[in-house]
*Asks:* 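Below you will find the structure I want to go over with you.
Keep in mind that the numbers below use all heavy atoms, side chains included, and drop hydrogens, waters and symmetry copies. Numbers restart at 1 for each chain; the letters A, B, ... are given by sequence-line order, proteins then strands.
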Amino acid sequence: MANRGAGRPRIDAHATRAKPRRNQGWSEMNLFTDIRAAVLDALAAMAEAGKLPAGLETANVAVEPPRDAAHGDMATNAAMVLARPAGMKPRDIAGALAARLADDPRIDSAEVAGPGFLNLRIAADVWAGLVGAVLSDAGYGRSAMGAGRRMNVEFVSANPTGPLHVGHTRGAVFGDALASLLDFAGYDVTREYYINDGGAQVDVLARSAFERYREACGLSPEIAEGLYPGDYLVPVGEALKEKYGDSLLNQPEDIWLEEVREFATERMMAMIREDLAALGVAMDVFYSEKSLYGTGRIEAAIADLDGKGLIYRGTLEPPKGKMPEDWEPREQTLFRSTAHGDDVDRPIMKSDGAWTYFAPDIAYHYDKVSRGFDELIDVFGADHGGYVKRMKAAVAALSDNCVPLDIKLTQLVRLFKNGAPFKMSKRAGNFVTLRDVVEQVGADVTRFVMLTRKNDAPLDFDFDKVLEQSRDNPVFYVQYAHARVRSVMRKAAQQGIGEVAPKLEDEAELAVARKLAEWPRLVEIAARTHEPHRVAFYLYELASEFHALWNRGNEKAHLRFLQEGNTGASAEKIALPRAVGVVISAGLAILGVTPVEEMR
RNA sequence: GGCCCCGUAGCUCAGCAGGAUAGAGCGACCGCCUCCUAAGCGGUAGGUCAGAGGUUCGAAUCCUCUCGGGGCCGCCA
């Protein structure tokens, strides 16, 4: 993407807000960028020698793992990228580049292939060196990519009207892993939850809780249509009775509504925090929607947009296709979101003068921008897909295009039990909660499984299969690899085997080392695309290479990590599994999964 | 009617910033335990990347259209 710089948002507006980095520094060890640098050096030398035109754009020159391992360890597209601007044939450039790279001691061979690929084979001692670096470098895989930029990840943000259910669970896991991933990639990350405690739904909560209060006072509750029927409100009703006795009974709503609302909302948020804690999610900030009302903050945000000429009074066209029954044209206060890519302008104030839900949303994002974040991410359920454009428009307008907002949608979770769909009756209020899931399968399994699909793909979650111990359960498969590593390390410690520089000989060992070398690259790709599932897939691949090597040891004794009666050879051998353990632990840490010491 | 997501092996899904002969698991078939955990490993079979155009030296990937599945679409959050 040659024109990337043009659209890149400026960051100077907020760059003055220095804050101590939260991550532990980053690693410079990335074999792919090292070799890419060598390629660029060689190209520069060729230009120097008159073999290439000077000043060629090299941004698109890539050094990547080849799709087919038989092609070598790494491949570069340099010749094909440069052929046109240089006015030369790709294979000619590749040939000259190969000759230069052959002088690099790290490169065993460089061969031109296909339309102009240059396939590189890396010297064995380079791989051994990489394994050594994984062990000596505490931050292997960490990246400087984020450069300490401040990133706000808002996720879950469920209405405080009940316990978190499975859908929220996926959003929670995704958002938390994404936040950890970005931290690992060098961003300064804030995890944030927006509490929708300002709208009509918390009034409904209050009325529902009040019925439970009446119930606690010995009356029979009247859970009218539209109220929350879940029995999680029963203890709230009892607590209300404890606090107020029967003093609220037979009082009109305007007497008790506000107090009961406060009380119930607080109880719900306490429950939600516990749910999140059970899953291992800890927010940095809980941000109250209500705090935006009556404090002038909504007005300030709208005034900002008004100052940019983006607020006006007008009447919207009725939606095309299906006409609502009670449609009649009304003049409203509108945000000109179409000026920033939305399809229609959006109302921010109802015809009765009250704010729409969108107004506090705008104010909330205005506040995030004001707090100096360089980038924002919102994690929504897929059913909120319709709000993506308007939110992006709002942030673009509020930040003058300085703060990019990425909105990640998480698709549905389909529950199964032993292959059969699991029915949920939402009407009865007995939906499957986050607690149900975590209590049945554990937080680690829940988290890993939720990340075995791309966020925008539906996810099947089978309560039985996720606990199955077989290769088609990636949770188990990755954990098993780690347990094997730990098993070897325990035995090595018993035998007094120390740490020495690794030595790699067999192809299976090199395959594992190559996979380890991809880790820093994978982290950057996953962080850039905001896709933590890539970490889960990578760990599966790494585990697969490791299991393969392990099994080779079954066939060929000299490939076992522990060489009977030869502590020196064993020490050289166990560096590789130790490094695998390091990377699996680091990867699982990003996913929020605890690596196990042994399988039980 | 409009917008967003999706369509890849029999099934469930990956596919990195456009790269080479499109991958993995399951299922099917054939093999591997006197040996660090066989809860594992190796191999075989299986594809018009929904379809049609376009851009490109090169497209599953980018653009347009069509078909199919899902989601959303004014004063509910």
*Asks:* Would you classify A:E289 as touching base, sugar-phosphate or nothing, given that sugar-phosphate means primed atoms plus P, OP1 and OP2, and contacts are heavy atoms under 4.0 Å?
*Replies:*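 Sugar-phosphate, no base atom in range.
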*Asks:* Can you tell me, in whole Å, how much space there is between the P of B:rU8 and that of B:rU61?
*Replies:*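 Rounded to whole Å, the distance is 14 Å.
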*Asks:* Given B:rG25, B:rC36, B:rC4, which nucleotide is nearest the side-chain atoms of A:Y540?
*Replies:*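 Of B:rG25, B:rC36, B:rC4, B:rG25 is nearest to the side chain of A:Y540.
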*Asks:* From B:rA20, B:rC3, B:rA38, pick the nucleotide closest to the side chain of A:A75?
*Replies:*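 Closest nucleotide among those given: B:rA20.
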*Asks:* Want to know the stems of RNA chain B: at least 3 consecutive Watson-Crick or G-U pairs with distances under 3.5 Å, which are they?
*Replies:*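 For RNA chain B the paired stretches long enough to count as stems (3 pairs minimum) are B:1-7 with B:67-73, B:10-13 with B:23-26, B:28-32 with B:40-44, B:50-54 with B:62-66.
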*Asks:* Does a side-chain N-to-carboxylate-O contact under 4.0 Å join A:R121 and A:D73?
*Replies:*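 Judged by the 4.0 Å cut-off on N to carboxylate O distance, A:R121 and A:D73 do not form a salt bridge.
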*Asks:* With rounding to the nearest 0.5 angstrom, report the NZ to CG distance, A:K454 to A:L459.
*Replies:*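 A:K454 NZ to A:L459 CG: 13.5 Å, rounded to 0.5 Å.
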*Asks:* Tell me whether A:H547 is stacked on the nucleobase of B:rG40, counting only the six-membered base ring and applying the 5.5 Å and 30° thresholds.
*Replies:*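 No, A:H547 does not stack on the base of B:rG40, since the centre distance and plane angle fail the 5.5 Å and 30° test.
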*Asks:* Quick one: pull up CG in A:D203 and OG1 in A:T265 and give me the separation to the nearest 0.5 Å.
*Replies:*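 One gets 9.0 Å once the value is rounded to the nearest 0.5 Å.
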*Asks:* Measure up the A:Y538 and A:W519 rings against each other and bin them: parallel (under 30°), tilted (30 to 60°), perpendicular (over 60°).
*Replies:*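 Geometry flag for A:W519 against A:Y538: parallel rings.
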*Asks:* Tabulated below should be each protein N or O lying under 3.5 Å from an N or O of nucleotides 11-13 of chain B; please produce it.
*Replies:*
from: B:rU12; atom 1: O2'; to: A:R453; atom 2: NH2; distance (Å): 2.6
from: B:rC13; atom 1: O5'; to: A:R453; atom 2: NE; distance (Å): 3.3

*Asks:* A:E541: what forms a side-chain hydrogen bond (donor to acceptor under 3.5 Å, both in side chains) with it, not counting sequence neighbours?
*Replies:*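 Residues passing side-chain hydrogen bond (donor to acceptor under 3.5 Å, both in side chains) with A:E541: A:K515.
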*Asks:* Cation-pi between A:R336 and A:Y312: NZ/CZ under 6.0 Å from ring centre and within 45° of the ring axis?
*Replies:*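 Flagged: A:R336 positioned over aromatic ring of A:Y312.
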*Asks:* Between A:Y287 and A:D367, does any side-chain donor sit less than 3.5 Å from a side-chain acceptor?
*Replies:*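 Judged by distance alone, the side chains do pair up.
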*Asks:* Using a cut-off of strictly less than 4.0 Å, decide whether A:K350 has a side-chain nitrogen or oxygen near OP1 or OP2 of B:rC76.
*Replies:*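 Answer yes for this pair, as a side-chain N or O of A:K350 is under 4.0 Å from OP1 or OP2.
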*Asks:* Taking the C1' atom in each of B:rU12 and B:rG46, what is the distance between them to the nearest angstrom?
*Replies:*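 About 15 Å, rounded to a whole number of Å.
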*Asks:* Which pairs count as side chain to side chain donor-acceptor pair (under 3.5 Å) when at least one residue sits in residues 551-565 of chain A, sequence neighbours excluded?
*Replies:*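 Output for this query lists A:D506-A:R552.
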*Asks:* What interatomic distance, in whole Å, is found between P of B:rA59 and the corresponding atom of B:rG18?
*Replies:*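 It comes out at 13 Å once rounded to the nearest Å.
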*Asks:* Please state whether the phosphate of B:rC26, meaning OP1 or OP2, lies under 4.0 angstrom from any side-chain nitrogen or oxygen of A:K465.
*Replies:*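 False: A:K465 side-chain N/O out of range (4.0 Å or more) of B:rC26 OP1/OP2.
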*Asks:* Students often get this wrong, so: under 4.0 angstrom with heavy atoms, is A:R552 touching a base, only sugar-phosphate, or nothing?
*Replies:*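 No contact at all - A:R552 keeps every heavy atom at 4.0 Å or more from the nucleic acid.
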*Asks:* A quick test of your reading: do over 12 heavy atoms of other residues, nucleotides or ligands sit less than 6.0 Å from NZ of A:K417?
*Replies:*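 Result for NZ/A:K417: enclosed.
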*Asks:* Consider the side chain of A:D383, meaning its heavy atoms from C-beta on, and name the nucleotide among B:rC72, B:rC16, B:rG40 that approaches it most closely.
*Replies:*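 So the nucleotide nearest the side chain must be B:rC72.
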*Asks:* Return no unless some side-chain N or O of A:S487 is found under 4.0 Å from OP1 or OP2 of B:rC36.
*Replies:*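 For A:S487, the contact criterion (side-chain N or O under 4.0 Å from OP1 or OP2 of B:rC36) is not met.
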*Asks:* Distances under 3.5 Å only, N/O to N/O: pair up the protein atoms with those of nucleotides 29-35 of chain B.
*Replies:*
from: B:rC35; atom 1: O2'; to: A:R560; atom 2: NH1; distance (Å): 3.1
from: B:rC35; atom 1: O2; to: A:N554; atom 2: O; distance (Å): 2.5
from: B:rC35; atom 1: O2; to: A:R560; atom 2: NH2; distance (Å): 2.4
from: B:rC35; atom 1: N3; to: A:N554; atom 2: O; distance (Å): 2.9

*Asks:* Using a 4.0 Å heavy-atom cut-off across all strands, classify A:D361 as base, sugar-phosphate, or nothing.
*Replies:*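 Contact class for A:D361: none.
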*Asks:* Within 45 degrees of the ring normal and closer than 6.0 Å to the centroid, is that where the cationic atom of A:R521 sits relative to A:F32?
*Replies:*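 A:R521 over A:F32 ring: yes.
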*Asks:* Give the nucleotide from the list B:rA20, B:rC6, B:rG40 with an atom nearest to the side chain of A:Y480.
*Replies:*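 So the nucleotide nearest the side chain must be B:rG40.
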*Asks:* Sticking with atom C1', work out how far B:rA9 lies from B:rC33, rounded to a whole angstrom.
*Replies:*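 Here B:rA9 and B:rC33 have their C1' atoms 32 Å from each other.
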*Asks:* On the nucleotide B:rC73, are OP1 or OP2 found under 4.0 Å from the side-chain N or O atoms that A:R390 carries?
*Replies:*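 No, A:R390 has no side-chain N/O under 4.0 Å of OP1/OP2 on B:rC73.
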*Asks:* Using atom CG of A:L412 as one end and atom C1' of B:rG70 as the other, report the distance to the nearest whole Å.
*Replies:*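 Rounded to whole Å, this separation is 9 Å.
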*Asks:* I'd like to check the side-chain hydrogen bond (donor to acceptor under 3.5 Å, both in side chains) partners of A:S288; sequence neighbours left out, ordered by chain and number.
*Replies:*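 side-chain hydrogen bond (donor to acceptor under 3.5 Å, both in side chains) check on A:S288 returns A:D197.
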*Asks:* A side-chain contact here means heavy atoms from C-beta on lying under 4.5 Å apart; do A:L539 and A:Y477 qualify?
*Replies:*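 Not touching, per the 4.5 Å side-chain cut-off.
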*Asks:* Would you indicate what A:H533 reaches in the nucleic acid, counting non-hydrogen atoms under 4.0 angstrom: base, sugar-phosphate, or nothing?
*Replies:*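 It contacts sugar-phosphate atoms only.
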*Asks:* When the C1' atoms of B:rG40 and B:rG25 are considered, how many whole Å apart are they?
*Replies:*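 Here B:rG40 and B:rG25 have their C1' atoms 15 Å from each other.
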*Asks:* Parallel, tilted or perpendicular: which fits the ring planes of A:F537 and A:H533, with parallel below 30° and perpendicular above 60°?
*Replies:*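 Rings of A:F537 and A:H533: perpendicular, over 60°.
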*Asks:* By nearest atom, which of the nucleotides B:rC41, B:rA20, B:rU37 is closest to the A:A548 side chain?
*Replies:*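 The listed nucleotide nearest to A:A548's side chain is B:rC41.
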*Asks:* Going by a 90° cut-off around 0, is B:rC33 syn or anti?
*Replies:*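 Syn, angle within 90° of zero.
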*Asks:* Scan A:A113 against the nucleic acid and name what it touches under 4.0 Å (heavy atoms): base, sugar-phosphate only, or nothing.
*Replies:*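 Base: the residue A:A113, judged by heavy atoms under 4.0 Å, touches a nucleobase.
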*Asks:* Using a 4.0 Å heavy-atom cut-off across all strands, classify A:L316 as base, sugar-phosphate, or nothing.
*Replies:*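 No contact.
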*Asks:* Using atom P in both nucleotides, what's the gap between B:rG23 and B:rU64 to the nearest angstrom?
*Replies:*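 Result for the P pair: 29 Å, nearest Å.
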*Asks:* Where the side chain of A:L562 is concerned, which of B:rG74, B:rU37, B:rC36 is the nearest nucleotide?
*Replies:*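 Selected nucleotide (nearest to the side chain): B:rC36.
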